[in-house]
Each structure stands twice: as structure tokens, then as C-alpha cells.
S.K.: 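Questions regarding the structure given below will be posed in turn.
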Amino acid sequence: MREPILETRGLSRRFGGLRAVSAVSLSFEAGVVHAILGPNGAGKTTTINLLSGDLSPSEGTILYKGRDITALPVHARVHLGIGRSYQKTNIFPELTCLENCRLGAQARLPGWLNLVKSASHYGEIGERAERALALCGLEARAGAAAGTLSHGEKRQLEIGMTLATGPDLLLLDEPLAGMGIEESRRVVDLLKRLATDHTLILIEHDMDAVFSIAERITVMVNGAVLETGSVEAVRASPAVQAAYLGEEHAA
Amino acid sequence: MPNRPLVLPILFALLCLGIALFPLVGDTFYVRLVAKIVVLAIFAMSLDLLVGYTGLVTLGHAAFSGTAGYVTAALVNKAGIVDLPALLVAALGAAGAAALVIGWISVRTSGIYLIMITLALGQMVFFFFHDVAFWGGADGVNLAAKPELTMGGVTLLDLADRMVFYYVALACLVLVYALLFMVSKAPFGQVLRGIRINEGRTRALGHDVQRYKLAAFVIAGLLAGLAGFLEVVRSGFISPAHVNWHESATVLIVVILGGMGTLVGPVIGAAALVLLEDWFANLTVHWKLFVGLFVIAVVLVLPSGLIGLAGRIGALRWSQRLRRPGAQSAVSKGAEVAREGAGDA
Ligand SMILES: Nc1ncnc2c1ncn2[C@@H]1O[C@H](COP(=O)(O)OP(=O)(O)OP(=O)(O)O)[C@@H](O)[C@H]1O
Ligand SMILES: [Mg+2]
């Protein structure tokens with residue numbers, strides 16, 4: 001087993017009386033595509049929110065590259081190389097695609113109080129933003145206002161902005177949600193390309209996509225981990241078949 | 001986009017040219033009125049950084065200008081200091097410190113709570129100057145002398161001279177505009193714009209939004225301090241009314257009236273408000289009512305402020321370039337053109 005890039009220990013999150021995430025202890029290996037599956041309301045997005053820092057856990061700890069990051073805010077985790085995309089498209093509609101990415105690329109500037117030189121004169125911002133835009137396949141739409149993109153393009157931009165922050169670990173919440181077949185295929189290709197030099201933690205309902213990309217799978221139900229392991233092991237697990245995958249995917 | 005038309009900076013340059021030449025033709029009364037406009041414009045521009053660029057609507061901006069004004073008056077009257085640089089440093093330092101404290105508390109909130117907390121903190125500053133006898137009480141104090149800049153016994157600038165003050169204030173207006181324009185284009189300003197459009201995503205892209213908001217508060221507070229300093233020198237008088245929330249509301253109205261997030265809008269808003277007040281005050285004792293009606297009419301007809309008029313004219317010329325799928329209304333097109341020279345890189 002390769003060394004873990006991210007580990008959770010007894011991670012829980014309550015919303016009032018509801019335990020959205022319950023005692024989740026997982027280990028994510030560096031360089032591996034790890035998919036999280038589960039029915040609606042299983043706690044997948046909440047888990048990603050805990051890993052990214054958008055939410056703080058009620059209990060438990062998160063270790064990133066061996067370091068306890070449980071108390072770190074979102075922006076600090078981005079600087080450590082954790083990037084996330086959102087299930088519900090979360091972009092800057094009135095800015096162009098390139099500007100959306102530039103804002104991500106800017107996160108890696110040294111210092112934050114950059115008041116004098118125009119942002120457009122920072123070569124490194126432009127380069128990183130353009131690279132991210134090219135990677136997510138929106139090169140041709142660089143100057144278009146993000147709000148005018150098609151749904152599929154917005155989903156691509158969602159990933160592109162995250163890439164522009166230069167992450168090592170990508171937390172992708174249903175990147176294929178609502179995409180057509182052709183768009184899905186493009187994004188799956190993108191994810192495969194990203195997988196060569198990133199660690200991916202991926203929530204996805206599209207089983208075919210998951211099985212074609214992921215090496216490891218975790219199945220969550222009611223906030224808890226039902227099963228975790230290699231694709232084959234999880235597919236073969238009777239508990240998973242009973243609880244989630246159903247007959248269609250039963251071996 | 002380097003070849004975008006710089007509508008707003010050009011408009012600003014024309015306004016400044018007009019202000020610079022005005023004393024050659026205008027009579028003394030109106031020259032004084034324009035000086036008042038210039039100071040109010042600086043004040044409003046400083047608030048525009050918070051309201052228009054960062055999306056932080058506050059109702060306590062007079063705390064910063066008022067603090068600077070009171071510190072200036074105290075140093076002149078009680079310590080006999082008239083040295084311009086020393087007074088400026090003290091006034092801006094005090095305003096900046098107030099902004100640091102008020103900002104530090106306020107940036108933890110947003111929306112209606114931000115309005116309420118800046119209002120409350122601003123009123124605390126008001127009562128501080130109102131109730132502590134040292135500052136001169138409810139009636140306010142006159143400035144015993146005007147600041148001057150001397151070097152080796154030679155007086156370079158004497159702000160007691162109305163024309164000297166006029167051009168110093170105009171120079172400050174240009175300086176503040178240039179500064180805020182620069183900041184808005186810099187990575188810092190890009191993050192502020194991100195916060196205004198989508199704060200959560202800005203944070204998730206790795207920006208410590210709290211820290212950016214606080215820095216915006218301090219910059220805005222410092223520049224409001226400059227306006228407060230100029231105002232006490234201009235009018236030769238300061239009273240608690242200068243720190244009261246009415247003053248904060250007025251400057252917010254100026255920003256909204258002129259056009260948020262444009263820097264030029266606040267200048268136009270300041271001109272409109274001062275000139276209208278003067279005009280209506282000559283016509284009727286109910287002038288405040290008419291000024292209020294005018295403000296309401298502008299907000300209803302021109303949601304992007306008076307600058308939207310310029311924007312609409314611009315929209316005609318560049319409508320081709322702006323026509324995008326998912327067509328926007330003519331009004332938002334106007335707003336977009338209006339923003340162009342200011343917010344976007
Ligand atoms: N901010 C919140 N406040 C209260 N309850 C919440 C909040 N966020 C999520 N929940 C609840 O927590 C549970 C888990 O939600 P979560 O969004 O993590 O599920 P999910 O696995 O991502 O589902 P889906 O597949 O529909 O996206 C749900 O019952 C949801 O209603
Ligand atoms: Mg979800």
C-alpha cells in the first residue's frame with residue numbers, strides 16, 4: 001500500500017439531531033483515484049466539506065500528508081494543495097472563464113497584500129490560469145462570461161478553477177452531474193488525465209464512470225462507511241449489493 | 001483586456017479638468033461649493049471600496065472621517081500644531097486605527113448584521129466625541145488655525161488660502177482615485193471583487209477573505225480619514241454631527257446615487273447631492289424632502305446610479321461587443337459598461 005496523503009479518524013458531523021457523517025475513518029493513498037459512492041443523503045458532500053474545511057467536524061481528526069489539519073480553515077488547506085469542486089456549480093458568473101481561473105491561480109502568489117502591480121502583469125497568474133483552462137477544455141471560451149456557459153461547460157470550469165490553485169489532492173463532488181453523454185465522456189477523459197499526477201477523491205453517481213476511473217471505492221450509507229476497498233472487492237461485497245448497487249451492477 | 005475602452009478614467013479626467021479650470025470662471029461662492037464637492041467625493045470614493053468593490057455595505061463610515069477631523073482639531077487647537085505632514089499622519093493614523101478596530105469586529109458579520117454592527121460601533125465613536133468634554137462638547141469646535149506646509153522657513157502651502165486648499169483637495173481627489181484604481185486592478189482588488197460576487201468560492205480558491213475585508217476596511221478608513229482632515233480644514237469647524245450616522249448615511253447615498261463600484265460614480269454623486277441641496281435650499285425650506293425624492297427617482301430609474309447614464313450612452317456604442325448569449329437587460333448592460341474602467345482587469 002502506498003503512503004496515505006489524507007487520513008480521517010473518527011470523523012463525524014452532526015446537524016442538530018442528524019448525524020450526517022458518523023465516525024468515518026478512511027485512508028486515501030497518494031496518486032490513487034478514490035471514489036465515494038452512496039445514495040442521496042448518505043453524507044458524501046458533507047464528508048467532502050469536512051475534508052476541504054468548508055465545514056468543521058463535530059468530532060474526529062483529519063491528517064493531510066501526516067499533518068493534523070482539522071483546525072485549518074479552507075483557504076489554508078488550499079495553500080497546502082487541497083482543491084475542491086462543488087456539486088452545485090459555484091462560479092463567478094459575471095467574470096470571464098479566464099478571470100474565474102485567474103482568481104484561483106492568484107491563490108499561489110507569495111503574500112496576499114499585493115496592492116500595486118496590476119494583476120494582469122503577473123505572468124505566473126496568467127500562465128497557471130490558461131493552463132488550467134486548457135486542461136479543463138475551455139481554452140476556446142476563455143473570454144466568455146462564465147454565466148453564459150452551457151451547463152456542461154460550467155461543470156468543466158468548476159474543475160478548471162480548482163486546478164488553477166495548483167492542488168495535489170482534488171476533491172470532486174459529482175463532476176459529471178447533469179452532463180450529457182458527450183460532455184461526460186470529455187470530463188471522464190479529463191479526470192483520467194488528472195489522475196496521472198493528482199490524487200482524486202471523487203463523488204459520482206455514474207457507475208460506469210466510477211468503475212472506469214476509480215481504483216478504490218468507499219460506499220457510504222446514512223453517514224457511515226459501509227464498505228471500502230478495491231473496486232473488485234466493493235463490487236463483490238454482498239452488503240454493498242444489498243444496500244446500494246442493486247441487481248443491475250451485481251456480478 | 002488591454003484594449004477595452006477606458007470610459008470611466010476618461011470621464012474622471014474630464015471631471016478633474018473641469019474642476020481645475022472652474023475657478024477661472026466660477027464666482028467665489030461656487031468655487032467653495034466645488035471644494036465641498038471634492039472633499040465629499042473623496043469620502044464617498046473611500047466608501048466605494050467597501051460598498052461597490054467588496055460588497056460590504058456599512059453604515060458607520062463617518063466614524064473614520066470624524067475621528068480624523070477631531071484629532072486634527074485637537075492638535076491644532078490644544079497643541080498648536082499646524083504642520084501639514086504631522087497633522088496628516090496623526091489624522092490618518094487615528095482614522096486607520098479606528099478602522100482596524102471597527103473592521104476587525106465587523107468583518108465577522110455580513111449583510112444586514114454588518115450594517116447594524118457598523119452603525120452601532122459608529123454611534124459609539126459618535127458618543128465618545130459627543131460626551132467626552134475634551135473634544136469640545138455637543139456644539140463642536142472651531143479650528144483655531146489652518147495647517148501649512150513649511151520647509152526651511154518658507155511656506156510652501158498655506159491651507160488658509162482658499163485657492164491653495166482648493167487645489168490641494170483636487171490633488172487629493174486625483175491621488176485617491178489613482179490609488180483605488182491601482183488597488184482594484186491589483187491581485188488584492190481582484191480578490192475583493194471575488195468576495196463581492198461569490199464570497200464562499202473566493203475562500204475555497206485559497207483566499208483568506210476575512211483578512212482581505214479587514215484590509216479593505218483599513219484602506220477605506222485611511223482615505224476617509226483624509227476626507228475628514230480636509231473637511232475640518234475646509235469648513236474650519238467640527239462637531240459631533242460630523243461623526244453621526246446621518247453623515248454615514250449621506251455618504252452611502254452619494255455612492256449609490258452616483259454608481260457603486262465605479263469610483264467616478266461617487267464623484268458624480270457628490271456633485272449631484274451638493275448642487276441639489278444648494279439649489280433646493282434656495283427654493284424651499286422643505287429642500288431635504290426634494291433631495292430625498294430625487295434620490296428615490298434616480299434609484300428607481302437608474303439602478304446603476306447616475307453613472308448609468310454614461311453607461312447607457314456607452315452601451316449604444318459598444319452594444320455590439322457586449323451582446324452575449326443569455327442577453328442582459330439594457331440596464332445591466334449600462335452597469336457593465338459603467339464598471340468596465342473600474343473593476344475589471
Ligand atoms: N447544512 C446542513 N444543515 C442541515 N442538514 C444538512 C446540511 N448539509 C447536509 N445536511 C443533511 O445531511 C445529510 C447528508 O447530506 P449530504 O449533502 O452530505 O448528502 P450526499 O451524500 O452528498 O447526497 P447527494 O447524493 O444528494 O448529494 C442529508 O440528510 C442532508 O439533508
Ligand atoms: Mg452531495
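So that the names make sense, note that chain A is the first sequence line, chain B the second, and so on, each numbered from 1. Everything quoted here is computed from the prediction, not taken from an experiment.
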S.K.: Select one option (side chain, backbone, both, neither) describing which atoms of B:L179 are under 4.5 Å from chain A's heavy atoms.
M.R.: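 For B:L179, no heavy atom lies under 4.5 Å from chain A.
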S.K.: Within a reach of under 6.0 Å around CD1 of A:I181, are more than 12 heavy atoms found that belong to other residues, nucleotides or ligands?
M.R.: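 Not buried by this count: 12 neighbours or fewer within 6.0 Å.
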S.K.: On the 0 to 90° scale, with breaks at 30° and 60°, tag the B:F217-B:F64 ring pair as parallel, tilted or perpendicular.
M.R.: perpendicular
S.K.: Is it the side chain or the backbone of A:I82 that comes within 4.5 Å of chain B heavy atoms, both, or neither?
M.R.: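 Neither part.
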S.K.: Is A:S52 in contact with chain B via its backbone, its side chain, both, or neither, using a 4.5 Å heavy-atom distance?
M.R.: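 No part of it gets close to chain B.
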S.K.: Over 60° means perpendicular and under 30° means parallel, so tell me whether B:Y212 and A:W112 are parallel, tilted or perpendicular.
M.R.: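 Judged by the thresholds at 30° and 60°, the geometry between B:Y212 and A:W112 is perpendicular.
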S.K.: I'd like to verify something: which residue of A:L115, A:D54, A:V78, A:L113 has the highest number of heavy-atom pairs under 4.5 Å with chain B?
M.R.: A:L115
S.K.: List the steps and the verdict of side chain to side chain contact (heavy atoms under 4.5 Å, CB included) for A:I62 and A:L72.
M.R.: CA-CA 10 Å; A:I62 305 167; A:L72 283 190; over 6 Å; no
S.K.: When only pairs under 4.5 Å are counted, which of B:A215, B:A186, B:P187 shares the most heavy-atom pairs with chain A?
M.R.: B:P187
S.K.: Kindly assign one of parallel, tilted or perpendicular to the pair A:H79 and A:H75, based on the angle between their ring planes and the thresholds 30° and 60°.
M.R.: perpendicular
